[in-house]
Structures are given as structure tokens and as C-alpha cells.
Amino acid sequence: MPSMSCRMRCLRATALVVFAPFALVLGPGLAQAPGVSDRLPSLEQRLESLDPAQPNDYLDLAEEVAAESFTESDIRLAQRLAVHASRLSRAEPATETMQTSALLLLIDLEAPGPRRDALLGILAQVDATTPIQRLVRRPPPSGDADLRLEAAVAVGAVRAGDGHAARQRLEDQRIAAVLDGFAGVYPAASGRPLAAHLAALAEDWPCPECGNDGARTNRERRRELELCPNCRGDPGPVGSIAARVALLRLEAALLSGEATAWSRRLNASSAPARVVLPGDLAALYAVDPDATVFRDGAWVRP
């Protein structure tokens, strides 16, 4: 089996290619991928020689196809091969590293969106040691530590409802640029500039009723305090537990290049809101998980 460093070199080469969003349904055969077949002349023969008992061959070919891909059909073929490699490797604990490599390849091929979030959730279950920094779009320069700290303070201020402090920092274009590099850790922004999204969350705070004290003087019994009717004692953006977790996850990623034990489990996906299991991978790509043999230009069951 090729070493992990070899696989990561392949993955880094793959990342040099710019990919567009892709359809869920994978084409049935090689006829839909003429581009990659021209660059890999023996591709059809290699596809037909794949053996479900050798999942490593599926991953090796997926990496080669991905590295040579320029069309949507090329990418769909690489994705299908990686899906099969991941599923087939699950039967053997010794191939856990290969399953991780297959998922990393799928993540690199995937545009931001719900399916990429689901892949990250699966990766967190398969390999809990994967750092959040792996999911950052570009590694921050070493001299940006102070700016990352300022960005983390801004996120904390948003979460706590300190809107004035949050907006003041988010208006700094240097901090906005740092946050843009961490967009992959916070999918809730849905493609919107992250600084602008966070500024919108902070727009209605501090609490106009209690100034973030959480309580106010009872208007009828002025010597008594009552729970603030606006923030209910908990100032900050109103949202689900998953939304708050997403902010904590972003803050943790900014504060450290690697995840801490608790934030690693949260990873960078929407898993706290919707758990996607490794067995769901084939369904994400509308692939028949048992059609692992390539014959006469189509994927069939053994």
C-alpha cells in the first residue's frame, strides 16, 4: 500500500485543479469521461481489472483520475472510485488509513455546501485526529497570529452579544481577510463573506432592553428586578444549539492551528445537527454500493 505521505502528495496535486459544483448522479460508464481516458490511455483496462477484494486499487486509480481531471465526468468517475474504496476498506480495520485518504480526496473534490459538510462529519467519525486546520482554505501566514487572535475575539464578541466590539473589529479589512480563509470551518455563512455574515449576527446587540445585563428593573415594582423579556438573560444571536456550536468551532479554529480534544469532536461539519454515518457515503453520491465491477462501459454487481 502506498504510504500516507505519497497519498497526501497526490491530494495536494489534486487541490491545484479548480472544480465547479457537481451533480449528485454519477454516469454509468467510461463513455462520459473521454477527457481523462485520453490522458490515461489504459484507463478502461484498469477499470475492468479492479477487484473488490483490493480496495487500495480503487483509491490509487481515483487519485490518478482526479489529478488528470478537467471535466465534470472526470470528477464523477474519481468520486465513484473513491466512494467504492472507502466502503470496501471499511471491512478491514487495517485499512483505516486508506478510508481516511478516500474521504480526504472526496473533500478536496467537493465544492462548499451540504454534501461537503456531510463528508466532514463522516471524516470526524472515521479519523478523530484530523485537525480543523486541515479544513481551512489556505494556511494563514505565521505572522498572522495576532490577527487571528483579534478575529477570534470578534467571533467571541458576536457570540456574547457585544455587538459594538464585534462590529468594530469586523470592519478591519485585515481581520476580514483572515476570516475569509476560515470560511470552510463555518459553513453556516453559505458562501457569504464571513465578516459580513458575522456583522449581521451582531447587528441587534447589545440588548436594547437590558444592555446585556440579562435583567432589568420591573416597571411596575421598581425595586425589583425581572428577567429581560428580550434576551431572556442570554444576550447574543438567537439560534439553535448547532448555530452556537458553529461559532464556538470557528473561534477554536482561529485560536489554534489544531483542534483541541473537544473541538476536534465538533470538527468543521454540521454533524451536531445531523449525524451522517460512514454507511451513508454511497447515498450521498447516488452510487449503488454493490456495483463495484466495471464491465462493457458500465458499473455492475459482481
Side-chain angles (χ1 to χ4, degrees), residues 1-20 22-92 94-111 115-116 119 122-123 126-127 278-279 281-302:
M1 179 189 303
S3 66
M4 187 62 178
S5 60
C6 176
R7 294 198 185 287
M8 294 313 295
R9 285 197 297 273
C10 292
L11 292 174
R12 284 195 293 270
T14 302
L16 296 176
V17 184
V18 178
F19 302 109
F22 310 110
L24 286 176
V25 179
L26 302 183
L30 183 59
Q32 297 189 21
V36 74
S37 63
D38 292 338
R39 290 180 292 280
L40 296 175
S42 60
L43 178 58
E44 187 164 0
Q45 291 80 2
R46 292 180 64 184
L47 285 169
E48 292 184 348
S49 69
L50 291 172
D51 181 353
Q54 302 293 329
N56 187 67
D57 293 342
Y58 288 77
L59 181 57
D60 286 343
L61 188 53
E63 290 173 343
E64 290 186 48
V65 171
E68 296 292 339
S69 293
F70 288 95
T71 70
E72 187 174 322
S73 295
D74 297 344
I75 296 299
R76 288 201 299 267
L77 178 59
Q79 288 171 326
R80 177 160 200 150
L81 288 165
V83 167
H84 285 319
S86 177
R87 178 183 177 275
L88 293 170
S89 67
R90 285 168 53 203
E92 303 178 30
T95 60
E96 180 179 301
T97 299
M98 185 171 61
Q99 189 180 4
T100 298
S101 296
L103 285 166
L104 288 173
L105 177 59
L106 286 168
I107 290 167
D108 280 344
L109 293 174
E110 194 63 52
R115 190 163 64 181
R116 188 174 190 273
L119 291 172
I122 293 173
L123 178 61
V126 171
D127 184 0
L281 187 59
L284 284 174
Y285 287 91
V287 169
D288 180 349
D290 297 318
T292 55
V293 174
F294 189 81
R295 293 289 183 271
D296 299 322
W299 292 95
V300 298
R301 297 189 176 195

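For this chain, numbers begin at 1 and follow the sequence in order. Atoms considered below: every heavy atom in the structure, side chains included; atoms not considered: hydrogens, waters and symmetry mates. On a predicted model such as this, the values are computed, not experimentally measured, just so you know.
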Do [X] and [Y] make a side-chain contact, defined as non-hydrogen atoms from C-beta onward lying under 4.5 Å apart?
{"X": "Leu50", "Y": "Leu61", "value": "yes"}
{"X": "Leu47", "Y": "Leu81", "value": "yes"}
{"X": "Glu110", "Y": "Leu119", "value": "yes"}
{"X": "Asp74", "Y": "Glu68", "value": "no"}
{"X": "Glu64", "Y": "Leu40", "value": "yes"}

Say whether, by atom type as modelled, one donor and one acceptor occur between the side chain of Ser89 and the main chain of Ala85 under 3.5 angstrom.
->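 Flag set: sc Ser89 to bb Ala85 pair under 3.5 Å.
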Sequence neighbours excluded, which residues qualify as salt bridge (Lys or Arg N to Asp or Glu O under 4.0 Å) partners of Asp51?
->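 With sequence neighbours excluded, Asp51 shows a salt bridge (Lys or Arg N to Asp or Glu O under 4.0 Å) to no residue whatsoever.
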What are the two closest non-hydrogen atoms of [X] and [Y], and how far apart are they?
{"X": "Asp288", "Y": "Arg301", "value": "OD2-NE, 3.0 Å"}
{"X": "Val83", "Y": "Ala282", "value": "CG1-CA, 3.9 Å"}
{"X": "His84", "Y": "Val287", "value": "CE1-CG1, 3.7 Å"}
{"X": "Leu59", "Y": "Ala102", "value": "CD1-CA, 3.8 Å"}
{"X": "Pro55", "Y": "Leu88", "value": "CB-CB, 3.6 Å"}
{"X": "Leu104", "Y": "Leu123", "value": "CD2-CD2, 3.9 Å"}

Atom [atom1] in [X], atom [atom2] in [Y]: separation rounded to 0.5 Å?
{"X": "Arg80", "Y": "Tyr58", "atom1": "CZ", "atom2": "OH", "value": "10.0 Å"}
{"X": "Leu281", "Y": "Gln99", "atom1": "CG", "atom2": "CD", "value": "8.5 Å"}
{"X": "Asn56", "Y": "Met98", "atom1": "CG", "atom2": "CE", "value": "5.5 Å"}
{"X": "Thr100", "Y": "Ile122", "atom1": "OG1", "atom2": "CD1", "value": "12.0 Å"}
{"X": "Leu106", "Y": "Ser101", "atom1": "CG", "atom2": "OG", "value": "11.0 Å"}
{"X": "Gln54", "Y": "Asp60", "atom1": "CD", "atom2": "CG", "value": "10.5 Å"}

Hey, are Arg87 and Asp290 close enough for a salt bridge, meaning a charged N less than 4.0 Å from a carboxylate O?
->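 Looking at Asp290 together with Arg87, the answer is yes, because their closest N to O distance falls below 4.0 Å.
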Could Arg115 and Tyr285 be counted as a cation-pi pair, given that NZ or CZ must be under 6.0 Å from the ring centre and within 45° of the axis?
->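 Judged by the rule, Arg115 and Tyr285 form a cation-pi pair.
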In terms of the angle between their ring planes, are Trp299 and Phe294 parallel, tilted or perpendicular, with boundaries placed at 30° and 60°?
->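 Trp299 vs Phe294 ring planes: perpendicular.
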Cut-off 3.5 Å, side chains only: do Arg76 and Ser73 have a donor facing an acceptor?
->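 Side chains of Arg76 and Ser73: pair found under 3.5 Å.
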